[in-house]
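A short worksheet on the structure shown next.
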Protein chains: 2
Amino acid sequence: MATSKTSNKQTLSAEDWADAALAAMADGGLEAVAVEPLARRLGVTKGSFYWHFANRDAVVRAAIELWAQRETDDIIEIARKVTAPRRRIQTIFKLANGSEREGRLYLAIAAASRDPMIGHVIEKVSRRRLEYLKACYTELGLADRDARKWATFAYSTFLGTLQLRRDDAAALSSDGFFTEYVRHLIEMLIPKNIGDQPPGEPGDVQPEERAA
Amino acid sequence: MATSKTSNKQTLSAEDWADAALAAMADGGLEAVAVEPLARRLGVTKGSFYWHFANRDAVVRAAIELWAQRETDDIIEIARKVTAPRRRIQTIFKLANGSEREGRLYLAIAAASRDPMIGHVIEKVSRRRLEYLKACYTELGLADRDARKWATFAYSTFLGTLQLRRDDAAALSSDGFFTEYVRHLIEMLIPKNIGDQPPGEPGDVQPEERAA
DNA sequence: ATCAGTCCATACGAAAGCGTATGGATAGTA
DNA sequence: TACTATCCATACGCTTTCGTATGGACTGAT
């Protein structure tokens, strides 16, 4: 997170506005990205906004492209470190279920995919994630079509868990159920009896508790 | 579907307005439920609306409660016919991935769950679905906590598949991949080596192709 | 025929949002 | 000091939507 919230510069940049737009989307959806409310939140007026952007669509575009770029960097940087494919997939699952904010942000952006511009970005992000997952499964020893099936399966489960956490938080949060559930996912979403490593190898990262 | 769209009655009912609101939500999200556009769509003016409802919130409430009630009736009525638990779960999965409109509707409503009123309904629906699924898994021979895990797993995958179909339709639609994928889901989301019936029993319903 | 109830049309005011126009303030530069 | 570029404030008009007020049309009952 390279974001400096409420930075104390004396002048705003376009990225500051885009960050504010992302924050507004995360807890208010796309329609919460309105020029004057954003300006109030940043302590300025519309005059600043229309200096940096031509119109509202421009900041929406900038925001989601910023989001798409960041989530790419994060995934790549984190997952690349883990070389063993089976453990890499496990790591991805655990991390993917980590940040509450990122989940809400994805759902908010995806909910606005009627807008062709947003739909295109969401589609690009989904494709990239699926491709990456598929490559992991291929590396695990699966044939092309099987890798696609497993990747789609895993990614769908991830998306659904995201949604369920928002729609019925109690379904996952009670007791230590979430941890147990993630363990179950990892066990079920990785095919057995193929690949290079047995389950439960050393160096396993324990699933951290859910973010507040 | 007991809905008569563009009915030729000479006078409108509150449910007609609620239906129109659901239609608007299905392809436009919650903010598409606006009084005057709805009135234009129904061929009347606001005067009619404010005769049937006190304000905009009232029709939103009526619409999603209508939706919640209908989806309950549908699920119950369909799944109750299948007595064998394993086959019932299979049936649920196949049906759940059937209607495109229902999926978009769920996502549209869930995306508006910031509204406490909507959030409450979504939570109620989620809980009910999870309870039902859990009961199916229990009937299959799973212990309580395992049944909950499997039900959560299956429901998350269902929700995620819904979302993926919207966010990246090509990921599921190419070739006969969707059919193959659903078969894979059914195989993976039902535990083996327990329960009353082996997989592939006679009377299996073939997954119908995706709705247009 | 009148009267009450039902359903809708029309006109109005208020609020929120978008975008434009224009001027002010500040910092750097010649 | 004067000039310019950068960044923001303010004021305005336009549109959309909400909600109200009021009246008209049509129906059934007495």
Side-chain angles (χ1 to χ4, degrees), chain A residues 4-64 66 108 111-112 114-118, chain B residues 4-64 66 108 111-112 114-118:
Chain A
S4 68
K5 28 193 69 176
T6 64
S7 73
N8 41 10
K9 300 179 302 184
Q10 69 280 22
T11 183
L12 294 175
S13 69
E15 188 167 337
D16 291 331
W17 283 95
D19 270 326
L22 285 179
M25 290 185 62
D27 57 60
L30 181 63
E31 74 271 17
V33 180
V35 177
E36 280 144 325
L38 245 59
R40 282 195 294 272
R41 191 162 169 163
L42 287 172
V44 293
T45 64
K46 302 182 356 177
S48 172
F49 177 86
Y50 285 101
W51 170 257
H52 293 287
F53 297 96
N55 49 31
R56 177 183 175 274
D57 267 21
V59 76
V60 171
R61 171 188 296 265
I64 69 171
L66 183 63
R114 272 173 292 272
D115 181 326
M117 196 264 136
I118 296 180
Chain B
S4 66
K5 31 193 66 176
T6 66
S7 73
N8 40 10
K9 302 178 301 185
Q10 71 281 21
T11 184
L12 294 175
S13 71
E15 189 167 337
D16 291 331
W17 283 96
D19 270 326
L22 285 179
M25 289 186 63
D27 57 60
L30 181 63
E31 74 271 17
V33 180
V35 178
E36 281 145 324
L38 244 60
R40 281 194 295 272
R41 191 162 170 160
L42 288 172
V44 292
T45 64
K46 301 177 8 175
S48 173
F49 177 86
Y50 285 102
W51 170 258
H52 294 287
F53 297 97
N55 49 30
R56 177 184 176 274
D57 267 21
V59 74
V60 170
R61 171 188 296 265
I64 69 171
L66 183 63
R114 272 173 292 271
D115 181 326
M117 197 265 138
I118 296 181

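So you know, we letter chains A, B, ... as the sequences are listed, proteins then strands, and number each from 1.
Listed pair B/Thr11 / C/dC8 meets the phosphate criterion, a side-chain N or O lying under 4.0 Å from OP1 or OP2.
Aromatic pair B/Phe49/B/Trp17: centroids less than 6.0 angstrom apart.
Note that the two end axes of the helix from C/dA1-D/dT30 to C/dA30-D/dT1 enclose an angle of 20°, each drawn from 5 base pairs, rounded to 10 degrees.
Atom pair A/Trp17:CH2 and D/dT6:P shows a separation of 19 Å (rounding to whole Å applied). Summarising the geometry, the separation between CD on A/Glu36 and C1' on D/dA11 is reported as 12 Å, rounded to the nearest angstrom. In this structure, CG of A/Asp16 is placed 14 Å from C1' of D/dC8, rounded to the nearest angstrom.
Residues of residues 22-34 of chain A having a heavy atom closer than 4.0 Å to DNA chain D: none are found. Using a 4.0 Å cut-off on heavy atoms, the residues of residues 38-55 of chain B that approach DNA chain D are B/Lys46, B/Tyr50, B/Asn55, listed by number.
Looking only at side-chain heavy atoms (C-beta outward), A/Ile64 and A/Met117 come within less than 4.5 Å of each other. Residues A/Leu66 and A/Asp19 are in side-chain contact: their nearest non-hydrogen atoms beyond the backbone lie under 4.5 Å apart. Side chains of B/Val35 and B/Phe53 form no contact here, defined as non-hydrogen atoms less than 4.5 Å apart.
Dense packing is recorded around CZ of A/Arg56, with more than 12 heavy atoms of other residues, nucleotides or ligands lying under 6.0 Å away.
Considering every non-hydrogen atom in both A/Asp16 and A/Thr11, the closest pair reads OD2-O, 4.4 Å. The two atoms that bring B/Ala24 and B/Arg41 nearest to each other are CA-NH1, 4.0 Å, heavy atoms only. Considering all non-hydrogen atoms of both residues, A/Ala21 and A/Val59 come closest at CB-CG2, 4.3 Å.
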Derivation and outcome, side-chain contact (heavy atoms from CB on, under 4.5 Å), residues B/Leu30 and B/Ile118:
CA-CA 10 Å; B/Leu30 181 63; B/Ile118 296 181; 3.7 Å; yes

